[in-house]
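Small disclaimer: the values here were computed from a predicted structure and weren't measured.
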Amino acid sequence: MTPIFQALACHAQDRPDAIAFRDGERSMTWADLARAVSRAAAGFAAGPRCVGLALGGLDYVIGDLAATLAGCRVVPVPGFFSAGQVAHLLADSGATLTDRLPAGATGLPLAYAGGATRVIYTSGTTGRPKGVILGDRQLTASALGLSQAIGAGPGDRYLSVLPQAQLLEQICGIFLPILAGAETVLCPEGTACLFSGDVRALARRAIACDPTVTVLAPRQLTLWVAALRKGIPAPRGLRYVAVGGAPVSPALLAEARALGLPVAEGYGLSEACSVVALSPADAPGGSAMQSVPGLDLRIEDGEIVVDGPTVMAGYLGRAPQVGPWRTGDLGRIDDGRLSVLGRRDAMILRASGRNIAPEWVEAAALADPAVPAAALVLLPDDRLVLVLASTAAPRMADLVARLADLPAYARPDALLIADPPHPGLIRPSGTADRQVALRLAKVRGALMPLPAPEVSA
C-alpha cells in the first residue's frame with residue numbers, strides 16, 4: 001500500500017485543488033482528502049486495532065485509507081449481509097463496528113509504515129462467510145497490475161457504482177484512481193439499482209459526469225442495456241467498462257457494445273485479491289481475457305490455478321496459504337486467452353454423461369431486466385429446469401433465442417417462474433439459492449415446457 005499513500009501525498013502537494021472524489025454535491029480535492037485521512041488515521045491509531053467499517057460514500061473512502069494508514073486490520077461490512085452474517089463477521093474477526101469517522105487532535109503523516117491487513121468476507125454458498133486475509137503485498141500488486149492492464153492515467157474519471165464493501169470496488173474505486181491521479185465519482189444510484197431494478201438514475205448520473213472507466217456487476221449491465229434500448233444514450237467518454245462477478249450472456253455483451261458501452265469481461269476472486277484476468281482495452285470485441293500483469297494463470301486437471309503476489313495470506317483462523325491458489329473454477333487457456341467454464345462444485349451431470357455449468361445457462365436468463373436471479377436445476381427424472389425469480393413477465397422470445405445458442409444437452413426442458421420474495425430463493429448477495437430452487441421445481445406443478453425458438457422466414 002505504500003505506493004498508494006505516496007501517490008496521495010504527491011497529488012496533495014502538486015495538485016492540491018484538483019478534485020479527487022465526488023459524492024453527489026460533496027467533493028474533495030487531493031489536499032482535502034490528504035488532511036481528512038491524516039486526521040482520521042490519528043483517531044484510528046488511538047482506538048481498536050480491528051475495525052469493522054460500516055461507512056458509505058466519501059466517509060468510507062476516508063475511513064478505509066485512514067484505518068490502513070494507522071496500521072489497523074480493516075474489515076469492510078457489506079450492507080447486503082444479513083444481521084446474522086454481520087454478527088458472525090464481527091465475532092469471527094474480533095472487529096469493533098465503526099459507523100462514523102474518528103478524529104485525532106493532530107493528524108498522522110502520510111508516511112505509511114506498512115503492516116495493515118484487511119479481512120474480506122464473502123457470502124459464499126452456505127451463508128456463513130469466510131474471512132480472506134489480504135495485506136500490503138496483495139493489495140499493492142493488484143492495484144499496480146490493474147493500472148497497467150487498463151492504462152489508467154490522470155485524465156480518467158472513474159464511476160464507482162459497486163458496493164464499497166466489495167474488495168473489487170476498494171481496489172478499482174479507491175486505490176487504483178489514487179495511483180493514477182484520476183478523479184472518482186461515487187454513484188450510490190448505481191448500487192441502489194442492484195436492489196431496486198431501476199437504472200434510470202444511474203444512467204442519468206453517468207451522462208452528467210461523463211466517466212471514462214467503470215466496473216459493473218452483470219445485473220447493472222443488464223439494466224443499463226435495457227435503458228439504452230429505450231433511447232437513453234451512453235456516456236460519450238467511456239473507454240473501458242469491465243463487467244465481472246458472474247458469467248454474462250454473449251448476446252448481452254454484444255448488444256451492450258453495439259449500444260455504446262465498451263464492455264470487457266473480467267474474472268477474479270477474493271482469495272487472489274479480486275481481478276486476475278480481464279480483456280485488454282484494445283481486445284477485439286472485449287472477449288480475450290488475459291492474466292493481470294505479474295500473475296501466472298494455468299490449468300491443472302481442468303481447474304484454474306492462480307500464482308503470484310496477489311494470492312491471499314490465508315483464511316482467518318486457518319493455516320497460512322502457501323504457494324498457488326486452486327480456485328475451484330473450471331477453465332481453459334487457448335493462446336494465452338482464458339475462458340471460465342463454471343464452478344467445479346456446481347457442475348450438473350446428466351444421465352447422458354454430459355457436464356453442464358449452470359452459470360452459463362443462468363446468464364441467458366439474467367440478461368433480462370425482469371429476472372434478478374435464476375437457477376438451473378436437475379430433477380430426478382433428468383429434466384433440466386430453469387427457475388426464474390422474475391419481477392415481471394420475461395421477454396420470452398429473447399430468452400428462448402439466447403438459450404438456443406447453448407448446446408442441446410444444456411438447454412432447459414422446462415421453465416418455472418418463481419416469486420422473488422419466496423423465502424431463501426434469493427440470497428442477501430442477490431444470487432439464487434439452487435437448493436431452494438430445486439425444492440420449488442420438485443413440488444410445484446407450474447413447470448412450463450421451453451418454447452421452441454422462432455424461425456425467421
* Asked: With side chains defined as the heavy atoms from C-beta onward, is the minimum distance between Leu179 and Pro3 less than 4.5 Å?
  -> yes

* **Rounded distance [0.5 Å steps], OG1 in Thr222 versus CD in Gln220** => 10.0 Å

* **Residue pair Tyr267, Asp329: steps toward the side chain to side chain donor-acceptor pair (under 3.5 Å) verdict** => CA-CA 10 Å; Tyr267 164 71; Asp329 293 316; 2.6 Å; yes

* To do: Considering non-hydrogen atoms only, spot the tightest contact between Ala234 and Leu261 and give its length.
  => CB-CD2, 4.0 Å

* Are any non-hydrogen side-chain atoms of Arg200 and Glu189 less than 4.5 angstrom apart? -> no

* To do: Measure the spacing between CD1 of Ile19 and CZ of Arg157 and express it to the nearest 0.5 Å.
  => 10.5 Å

* Carefully, step by step, assess Leu403 and Val361 under the rule side-chain contact (heavy atoms from CB on, under 4.5 Å). => CA-CA 7 Å; Leu403 292 172; Val361 182; 4.0 Å; yes

* Asked: Hey, is the main chain of Val161 close enough, under 3.5 Å, to the side chain of Thr191 for a donor-acceptor pair?
  -> yes

* Just checking, any donor-acceptor pair under 3.5 angstrom between side chains of Tyr121 and Gln85? -> no

* **Backbone N/O of Leu89 and side chain of Ser93: donor-acceptor pair under 3.5 Å** => yes

* Asked: Between Gln290 and Ser279, is a side chain to side chain donor-acceptor pair (under 3.5 Å) present by the stated rule, with each step listed?
  -> CA-CA 6 Å; Gln290 299 173 3; Ser279 302; over 6 Å; no

* Leu376 vs Leu384 side-chain heavy atoms within contact, under 4.5 Å -> yes

* Would Arg35 and Asp32 count as a salt bridge (charged side-chain N to carboxylate O under 4.0 Å, His left out) if you check the C-alpha gap in whole Å, the side-chain angles of each, and the deciding distance to 0.1 Å? -> CA-CA 5 Å; Arg35 284 191 293 269; Asp32 293 335; 2.7 Å; yes

* Asked: Does the side chain to side chain donor-acceptor pair (under 3.5 Å) test come out yes or no for Arg427 and Ser82, once each step is laid out?
  -> CA-CA 9 Å; Arg427 299 191 189 97; Ser82 67; over 6 Å; no

* Without swapping roles, check the side chain of Ser249 against the backbone of Ala367 for a donor-acceptor pair under 3.5 Å. => no

* Examine distances only and state if a side-chain atom of Asp156 and a backbone atom of Gly153 form a donor-acceptor pair shorter than 3.5 Å. => yes

* Asp64 vs Leu53 side-chain heavy atoms within contact, under 4.5 Å -> yes

Using distance only, find each side-chain donor-acceptor pair of residues 139-149 under 3.5 Å and give its atom names and separation, not counting sequence neighbours.
{"residue": "Thr140", "atom": "OG1", "partner": "Met1", "partner atom": "N", "Å": "2.4"}
{"residue": "Thr140", "atom": "OG1", "partner": "Asp136", "partner atom": "O", "Å": "2.8"}
{"residue": "Ser142", "atom": "OG", "partner": "Cys273", "partner atom": "O", "Å": "3.2"}

* Are Phe21 and Ile178 side-chain neighbours, meaning at least one heavy-atom pair lies under 4.5 Å? -> yes

* **Ser196 to Cys193 - nearest heavy-atom pair and separation** => OG-CA, 3.4 Å

* Nearest 0.5 Å, what's the CZ-CG distance between Phe81 and Leu90? -> 10.5 Å

* To do: Could you please spell out the steps behind the side-chain contact (heavy atoms from CB on, under 4.5 Å) verdict for Thr327 and Arg344?
  => CA-CA 9 Å; Thr327 65; Arg344 182 186 290 277; over 6 Å; no

* Donor-acceptor side-chain pairing of Thr310 and Arg137 below 3.5 angstrom -> no

* Asked: Of all heavy-atom pairs between Gly52 and Val77, which one has the smallest distance, and what is that distance?
  -> C-CG2, 3.8 Å

* Working for side chain to side chain donor-acceptor pair (under 3.5 Å), residues Arg73 and Thr117 -> CA-CA 5 Å; Arg73 169 162 282 179; Thr117 59; 2.9 Å; yes

* Quick one: are Val243 and Val215 in side-chain contact, heavy atoms under 4.5 Å? -> no

* Asked: Counting distance only, does the side-chain N/O of Gln138 pair as donor-acceptor with the main-chain N or O of Gly135 below 3.5 Å?
  -> yes

* Asked: Roughly how far, to the nearest 0.5 Å, is the OH atom of Tyr112 from the CG atom of Leu69?
  -> 8.5 Å

* **Interatomic spacing from CZ in Arg22 to CG in Leu159 - rounded to 0.5 Å** => 12.5 Å

* What class does the angle between the rings of His11 and Trp30 fall in, given that below 30° is parallel, 30 to 60° is tilted and above 60° is perpendicular? -> tilted

* To do: Assess whether atom CZ of Arg236 is packed by more than 12 heavy atoms of other residues, nucleotides or ligands within 6.0 Å.
  => no

* Does the side-chain contact (heavy atoms from CB on, under 4.5 Å) test come out yes or no for Met347 and Ile356, once each step is laid out? -> CA-CA 6 Å; Met347 295 296 285; Ile356 302 165; 5.8 Å; no

* Asked: Side-chain contact, heavy-atom cut-off 4.5 Å: Leu295 with Asp307?
  -> no

* To do: Check step by step if side-chain contact (heavy atoms from CB on, under 4.5 Å) holds for Ile174 and Thr184.
  => CA-CA 8 Å; Ile174 303 176; Thr184 296; over 6 Å; no

* Structure fact -> d(Leu425 CG, Asp433 CG) to nearest 0.5 Å is 7.5 Å

Distance-only criterion, 3.5 Å: show the donor-acceptor pairs between side-chain atoms of residues 223-233 and protein atoms not counting sequence neighbours.
{"residue": "Arg229", "atom": "NE", "partner": "Glu255", "partner atom": "OE2", "Å": "2.7"}
{"residue": "Arg229", "atom": "NH2", "partner": "Glu255", "partner atom": "OE1", "Å": "3.2"}

* Any side-chain donor near an acceptor of the partner, Glu169 and Ser160, under 3.5 Å -> yes

* Counting only heavy atoms not in Arg39, do more than 12 sit closer than 6.0 Å to its CZ atom? -> no

* Structure fact -> Residue set satisfying ring-ring contact (aromatic ring centres under 6.0 Å, His included) with His88, at least two apart, ordered chain then number -> none

* Any Arg298 side-chain heavy atom under 4.5 Å of Pro324 side chain -> yes

